[in-house]
Each structure stands twice: as C-alpha cells, then as structure tokens.
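The first residue in the sequence is number 1, and the count goes up from there.
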Amino acid sequence: MKPPAFLMAPVLGIISTPAFAAGGDPRWWVAPNQTDTYAWVGLIVLFLAILLVVHLYARFERYTERKSIGTPLRTTIPVMLTIALAYELMPALSHFSILLPGALILTAIARDFMLWWRPSKEELV
C-alpha cells in the first residue's frame with residue numbers, strides 16, 4: 001500500500017519546493033535563450049577533473065623517468081601507463097585494433113634497446 005502524496009512530500013524534498021507547489025517550473029529548468037549555469041559549472045568541473053588526472057599522471061611519469069635511469073625498460077613502462085590512461089579516459093578506443101598500442105609498446109622497447117646499446121654521456125657518469 002502506497003502512502004498518500006501529502007505524507008511523502010517532506011520526505012522527497014523535490015516535491016516540496018515552492019516552484020512545484022505553485023505549479024511552476026523546477027529550479028533546474030532553463031528557458032530558451034537563457035544561460036544554463038548548472039551545465040557550465042558541470043563542464044568546468046569535468047574539465048578540471050580531467051586536467052587533474054592528466055597533471056598527476058605527468059608528475060608520476062616524470063618521477064618514474066628520473067628513478068628509472070639505468071633500467072632496461074625506462075620508457076616502455078611510462079608508454080604502457082599512457083596507453084592504459086588513454087583507454088581509461090576514452091573507452092571508445094577499445095574498438096580500435098590491438099595493433100595500435102602494440103606498435104607503441106614495440107617502439108618504446110626499441111627506444112629502450114637503443115638507449116641501452118648506446119647510453120648518453122650523462123648516464124655513463
């Protein structure tokens with residue numbers, strides 16, 4: 001058995017707004033030719049969240065690059081992390097062929113091999 005609507009109004013909160021009681025539009029509704037501030041705030045927050053994730057990843061990658069000097073896979077691991085981040089941020093990449101990330105990883109392994117084969121002067125010290 002459902003409780004009467006007048007008992008549920010204080011519980012739901014949405015129903016008890018003055019606009020709803022007066023038969024008007026809800027607070028989140030925007031008329032044509034007006035600015036939707038909630039949408040703009042949401043877009044700005046989403047952009048800042050993505051920027052924060054990319055910034056933290058860049059700091060982590062720089063840290064791992066400094067700590068991995070002299071190791072055999074110093075660029076392969078950050079490339080793999082970049083590929084994983086791209087697949088997490090953009091799920092549509094899962095429809096692409098596996099050859100794309102495979103080629104990136106093989107290129108990073110080849111670069112690591114060349115850096116190991118002929119190290120730079122800073123690394124020899």
Side-chain angles (χ1 to χ4, degrees):
M1 182 170 153
K2 280 176 86 174
F6 67 90
L7 292 176
M8 292 300 294
V11 174
L12 293 177
I14 298 171
I15 298 173
S16 63
T17 60
F20 186 80
D25 296 324
R27 193 174 28 169
W28 45 263
W29 188 81
V30 178
N33 298 327
Q34 287 185 350
T35 304
D36 188 4
T37 49
Y38 288 124
W40 282 108
V41 169
L43 284 173
I44 290 170
V45 168
L46 177 68
F47 174 74
L48 289 175
I50 290 173
L51 185 67
L52 177 70
V53 168
V54 170
H55 174 74
L56 290 175
Y57 176 78
R59 282 186 171 241
F60 175 71
E61 186 176 0
R62 184 175 291 165
Y63 172 78
T64 56
E65 190 173 323
R66 261 188 279 127
K67 292 292 184 180
S68 66
I69 291 177
T71 61
L73 296 176
R74 63 179 156 194
T75 55
T76 304
I77 293 172
V79 166
M80 291 171 67
L81 290 172
T82 305
I83 292 169
L85 179 69
Y87 273 84
E88 287 294 323
L89 291 179
M90 297 172 280
L93 287 177
S94 64
H95 298 294
F96 283 94
S97 174
I98 195 69
L99 296 176
L100 177 65
L104 290 172
I105 292 170
L106 286 176
T107 304
I109 290 172
R111 181 177 185 268
D112 284 338
F113 179 74
M114 292 309 296
L115 289 173
W116 174 75
W117 189 261
R118 293 189 181 201
S120 63
K121 292 178 184 173
E122 296 89 24
E123 294 173 5
L124 291 175
V125 175

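- By the side chain to side chain contact (heavy atoms under 4.5 Å, CB included) test, Ala31 pairs with Trp29, Gln34, sequence neighbours left out.
- To the nearest 0.5 Å, atom CG of residue Leu51 and atom CG of residue Leu46 are 11.0 Å apart.
- Hydrophobic cluster membership of Leu56, counting Ile, Leu, Val, Met, Phe, Trp and Tyr whose side-chain heavy atoms lie under 4.5 Å apart directly or via other members: Leu52.
- Within the structure, side chain to side chain donor-acceptor pair (under 3.5 Å) contacts touching residues 45-54 (residues at least two apart or in different chains) do not occur.
- Criterion: ILVMFWY side-chain heavy atoms under 4.5 Å apart, direct or through other members. Under it, Leu104 and Leu106 are not part of a common hydrophobic cluster.
- Grouped by direct or indirect side-chain proximity (heavy atoms under 4.5 Å, Ile/Leu/Val/Met/Phe/Trp/Tyr only), Tyr38 sits alone.
- In this view, Ile105 and Thr76, Met80, Ile83, Ile109 satisfy the side chain to side chain contact (heavy atoms under 4.5 Å, CB included) rule, not counting sequence neighbours.
- More than 12 heavy atoms of other residues, nucleotides or ligands shown are found within 6.0 angstrom of CG on Leu48.
- By the ring pair (Phe, Tyr, Trp, His ring centres under 6.0 Å) test, Phe113 pairs with Trp116, Trp117, sequence neighbours left out.
- Under the rule for a side chain to side chain contact (heavy atoms under 4.5 Å, CB included), the partners of Arg111 that lie at least two apart in sequence or sit in another chain are Thr75, Leu115.
- Residues in residues 43-55 take part in these side chain to side chain donor-acceptor pair (under 3.5 Å) pairs, two or more places apart or across chains: His55-Arg59.
- Val30 shares a hydrophobic cluster with no other residue; no ILVMFWY side chain has heavy atoms under 4.5 Å from its own.
- Placement of Ile50 and Leu43 in two distinct hydrophobic clusters is found when ILVMFWY residues are connected by side-chain heavy-atom separations under 4.5 Å, directly or transitively.
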